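Right, one structure below, let's go through it.
This is a predicted model, so every value here is computed, not measured. Every chain is numbered from 1 and lettered A, B, ... according to where its sequence line falls, protein lines coming before strand lines.
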Amino acid sequence: MCGELRAQNAGEQVVLMGWVNRRRDLGSLIFIDLRDRTGTTQLVFDHSANPALHDKAGSLRSEFVVAAIGKVRRRDEETINRNIATGEVEVAISELRLLNESRLPPFLPSETGPLNEEVRLKYRYIDLRREQMQFNIELRHKVALAIRQYLSSQGFLEIETPFMTRSTPEGARDYLVPSRVHPGSFYALPQSPQLFKQILMISGFDKYFQIVRCFRDEDLRADRQPEFTQIDLEMTFPQPDRVYEVVEGFLKAAFKAAGHELKTPFPRMTYDEAIRQYGIDKPDLRLPKMAGIRAAFTEEDLTALNIDGSMNMVAIRIPKVGKLSDREKKELRTLAEDIAKRNKDFVGVFYDFVQLEKKRPETAAKIRELCSAEADDLIVPVVGIAGKSFSEKNKRAQYIAAGEGRLELARKYADRHDAFKRTGDPDKDFKWLWVTDFPMFEYDDKENRWSAAHHPFTSPHERDMDKLESDPGAVRALAYDVVLNGTELGSGSIRIHRQDIQKKIFHALGMTEEEARSRFGFFLEALEYGTPPHGGIALGLDRIAMILAGADSLREVIPFPKTAKAIDMMVDAPTPVNEAQLKELGIQVRKQ
RNA sequence: GGGGACGUAGUUCAGUUGGUUAGAACGCUGCCCUGUCACGGCAGAGGUCGCGAGUUCGAGUCUCGUCGUCCCCGCCA
């Protein structure tokens, strides 16, 4: 292959096939860099050695596909190219065959400059020839392979589940597939194989996994595609610890395949701690947590600064930001006002800490101490404003507001604190975390009811069982997330295996017996036939690959991704279909 | 659904206060070149300024609409 020849291959007769990456025509001497997936090798055509062959080489253009036969030879010391792996050798060609020509592509795979994503996606087959994309796709393969091998070695069976299944109204919007045989009826593409894997547990396949495509018809983000790949697994008789162990095991194997040694076990934190210390359920541990600063304020401070002493008081600290320019101060003020506004102005943000230091030097000094702040760190205290009345919900909202501010500031000053920069040390580059004890329910303000925070098959904490009716908001779930650098990589839980508890949960969700039966009847019935305790998790393979590739978007690790409007630019999907097709499916399209 | 950024040559971009013939780099074509490797030199081709209205004597530039791409909020159990 084009990337494999080394000095010790000198003298060998070789056949290379690949694409013309670059040509350097020096007149009676032509160099061609021939490229395949493994790299490039320099081919040499010398007019004095073979005029006809040299002329043939002169007609080659970028991305032509050729086969070349020749002898590997060591380069002279002064012509060695230290920048590439094959730089010590070149191939003196004796026979050249043009396998295919190429139109001039809209961009060249060998170009390194920035490229509009629209062009890249339209000509994805060209884009994928670029070294970075070849690397990313191979990386993804290696990661998936390592995970398969690890899980298989641990006794997990990879079992496929249907793509054409039943629509369930819970959760994300479904992609629907019309049935020709049953006009007016639809299959749904799975949002995840959740119920099937639980059924497999009931069926006695005690350790299941699947690297599987999932589909959700929701709006996209840089880290969200309508179809994405999950590493889905489930096992019988597990404690959460057993799930953590398995996940840590395969992540370790996956990261090793990508060249990084991870330390396990990962740290853990309850949901409650995460909210209080980071204001978010997926903390990025590369940045300092928010410090409680109540102790810094005297009663007199509170009155003078119009602060409610019973509210949370935390300080955001962003390291090494240094002095702010006037413009940055103004931006910080705008950010603070946005945060306050989003929280109906019960949150107060000290956007000008320097001012506070002037007005209240002692208090400010104590805040610095409580944050363990260095002199050039940016400190932004977030407090509750006096005279407002606060609920528990307000308190949590305040932490979340501070957490949002923390992330926004961290992103803004990323080039100063360097916390997001790779160091090469996996302990610093990859900050892992298990977030545990999520709340079982969230209150849906729009629909005025409780909804499942994870999904309705999640088991509540044994201790909180009695609060299901009386205080649903306080019920904790045996649910956990695995978080890497502030990105949620996976989410799982111990499931309910008893029908009576499952019924209670549906009841707490405001679902009647009939509703539950009509939606999940088959599943409730299955629960009645000797269901073992079981639990599992699902992780986003695309996100793992994205982080390992150092990319900012899933599109960099998915060969054929969709745009923010869920369009495939290469094949131009989706499209309308003809009337006959619709008729056969019994579908009529409503005109807008 | 909402907010923001962008759209000019094949590609990446510049284009001043609205002014006469819209530029650069890379790529492309031709010629020259025997040690290049992002080869070099000379010459050349290449434009519906996303699209549609409007303001104006005059629009790449201003206004409105529309389409597309990206980012964020909502949404995503």
Pairwise C1' distance, G68(B) and A25(B) [rounded to whole Å]: 26 Å
Same-atom distance (P) from G7(B) to C26(B), integer angstrom: 23 Å
Any Arg555(A) side-chain N or O less than 4.0 Å from OP1/OP2 of C71(B): yes
Touch class at under 4.0 angstrom, heavy-atom based, for Leu104(A) against every strand present: sugar-phosphate
Touch class at under 4.0 angstrom, heavy-atom based, for Glu111(A) against every strand present: sugar-phosphate
base_contact_polar (G74(B) base, Asp219(A) side chain, donor-acceptor, <3.5 Å): yes
Residue whose nearest RNA chain B nucleotide is more 5′ - His455(A) or Arg73(A): Arg73(A)
Sugar-phosphate only, base, or nothing, as touched by Gly171(A) at under 4.0 Å among non-hydrogen atoms: sugar-phosphate
N/O donor-acceptor pair, side chain Arg120(A) with base U69(B), under 3.5 angstrom: no
Sugar-phosphate, base or nothing in reach of Leu115(A), heavy atoms under 4.0 Å: sugar-phosphate
Residue from Lys503(A), Arg519(A), Lys504(A) passing salt bridge (Lys or Arg N to Asp or Glu O under 4.0 Å) with Glu513(A): Lys503(A)
Touch class at under 4.0 angstrom, heavy-atom based, for Ser48(A) against every strand present: base
C1' atoms of U20(B) and U29(B), separation to the nearest Å: 32 Å
Sugar-phosphate only, base, or nothing, as touched by Arg82(A) at under 4.0 Å among non-hydrogen atoms: nothing
Distance in angstrom units between Ile30(A) CD1 and C37(B) P, rounded: 16 Å
Set of side-chain contact (heavy atoms from CB on, under 4.5 Å) partners for Ile84(A), sequence neighbours left out: Thr40(A), Asn81(A), Thr86(A)
Donor-acceptor pair (no angle test) under 3.5 Å: Asp46(A) side chain, U34(B) base: yes
Any N/O donor-acceptor pair, Arg221(A) side-chain to C70(B) base, under 3.5 Å: no
Phosphate contact (U36(B) OP1 or OP2) by Thr79(A) side-chain N/O below 4.0 Å: no
Nearest-Å distance for atom pair CD1/P, residues Ile280(A) and C72(B): 13 Å
Sugar-phosphate, base or nothing in reach of Ser110(A), heavy atoms under 4.0 Å: nothing
Base C75(B) paired with Arg224(A) side chain (donor-acceptor, <3.5 Å): yes
P atoms of A38(B) and G2(B), separation to the nearest Å: 49 Å
Arg498(A) atom CZ: more than 12 heavy-atom contacts under 6.0 Å: no
